[in-house]
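One structure below.
This structure is a prediction, so every number in the text was calculated from the model and none was measured. Because only heavy atoms are used, hydrogens play no part in the values below, and waters and symmetry mates are left out as well, while side chains stay in.
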Amino acid sequence: AHFRTLIDLKLEQAGAIVEVVPSDMEDPDELHEELVYRSSVRNFNYLALCSESGELEMLDGTQLQLADPEPFFKSLRNNEKKVAVGRDTFGNEVVLFGVNAAYPMKNGENSMALVAAVPIEYISTMLGTDEENALIYSYIIRRDGSFIVGDISDEYPDYFSSLYQRYQTDDREEIDAFIQALSTAMNNKEVYMGLQNFGGSSQQIYCTPLPYSEWHLVTILPFGPLNETVESLDRSRTIATVCVCAVIFVVILLIFYIY
């Protein structure tokens, strides 16, 4: 739900740029400057106009290259909003938000969409995927298991491979079965929910397709850390109860002593 809210917010902000900047301004340069200004005040770091053929004409920021361009451009041609990932000229990963917009481009064409982008850290920070000591872990992955966002993405090539490498002593067939079940759910755009035992610890795993994208959010609740937290709360509650009882007992003794 938090991811949906975040993505909806950025898409609404991109759409708001189109709503407030008319396409019939006489001076194209002034029009492009106004688009850049409206983009920057909404905290986008990149802005481009996208042609029908899929060319990104940059208005702000370095040139962007999509990691998986076909689904992105296909959705835009169908007048749909779309989210995707890519890289800029320096290799920095970015998240792109595309909305339909018809603006004059520098090459003489009219755009089919406006594309605004932010660094991918914006998404990971807002989702809190890299927080230490978190009770819940979240990864955003593609259907093939490759990471979009994940705190272990630097250590493993994809989520599926990470399972085999992190849990080498576990039954490989059980990992195979889990990956097969998860892949089937993702391919069918269905929600997956299951209880798995990895590394001697039970994990509640929930996977749901994400809107406006080809991505899936995997949420993992390890029962080990959760049980430790509950036990810690129980100990704290017990200590607090004993302290309250001791205070009451002392007060009663004082009352008897005084009277």
Do the rings of Tyr167 and Phe198 sit parallel, tilted or perpendicular, given the 30° and 60° boundaries? parallel
Minimum heavy-atom distance between [X] and [Y], given as atom pair plus value:
{"X": "Ser39", "Y": "Leu47", "answer": "CB-CD2, 3.8 Å"}
{"X": "Ala185", "Y": "Tyr192", "answer": "CB-CB, 3.8 Å"}
{"X": "Ser23", "Y": "Ala102", "answer": "CB-O, 3.2 Å"}
{"X": "Ser51", "Y": "Glu109", "answer": "CB-OE1, 3.5 Å"}
{"X": "Met25", "Y": "Pro22", "answer": "CG-O, 3.7 Å"}
{"X": "Ser202", "Y": "Leu195", "answer": "CB-CD1, 4.2 Å"}

Exam field: side chain Ser40 to backbone Tyr37, donor-acceptor pair closer than 3.5 Å: yes
Looking at Val118, is its backbone amide N or carbonyl O close enough to the side chain of Asn45 to form a donor-acceptor pair, meaning the two atoms are under 3.5 Å apart? no
Under 4.0 Å between a side-chain nitrogen and a carboxylate oxygen: does that hold for Lys82 and Glu214? yes
Transitively linked via ILVMFWY side-chain contacts under 4.5 Å: [X] with [Y]?
{"X": "Leu49", "Y": "Met112", "answer": "no"}
{"X": "Leu31", "Y": "Val20", "answer": "yes"}
{"X": "Phe44", "Y": "Leu35", "answer": "yes"}
{"X": "Tyr206", "Y": "Leu163", "answer": "no"}
{"X": "Val95", "Y": "Leu56", "answer": "no"}

In Å, rounded to the nearest 0.5 Å, how long is the span from [atom1] of [X] to [atom2] of [Y]?
{"X": "Cys50", "Y": "Glu55", "atom1": "SG", "atom2": "CD", "answer": "8.5 Å"}
{"X": "Asp88", "Y": "Leu96", "atom1": "CG", "atom2": "CG", "answer": "10.0 Å"}
{"X": "Met193", "Y": "Thr219", "atom1": "CE", "atom2": "OG1", "answer": "11.0 Å"}
{"X": "Lys189", "Y": "Asn187", "atom1": "NZ", "atom2": "CG", "answer": "9.0 Å"}
{"X": "Ser153", "Y": "Ile141", "atom1": "OG", "atom2": "CD1", "answer": "12.5 Å"}
{"X": "Gln63", "Y": "Glu57", "atom1": "CD", "atom2": "CD", "answer": "9.5 Å"}

Can you find a heavy atom in the side chain of [X] that is under 4.5 Å from one in the side chain of [Y]?
{"X": "Tyr137", "Y": "Ile152", "value": "no"}
{"X": "Leu11", "Y": "Val83", "value": "yes"}
{"X": "Pro104", "Y": "Asn110", "value": "yes"}
{"X": "Ile7", "Y": "Phe97", "value": "yes"}
{"X": "Arg142", "Y": "Val85", "value": "yes"}
{"X": "His32", "Y": "Lys106", "value": "yes"}
{"X": "Tyr212", "Y": "Ser75", "value": "no"}
{"X": "Val18", "Y": "Asn100", "value": "no"}

Show me, pair by pair, the donor-acceptor contacts under 3.5 angstrom made by side chains of residues 64-74, not counting sequence neighbours?
none

Could you tell me whether Tyr156 and Tyr164 have their ring centroids closer than 6.0 angstrom? no
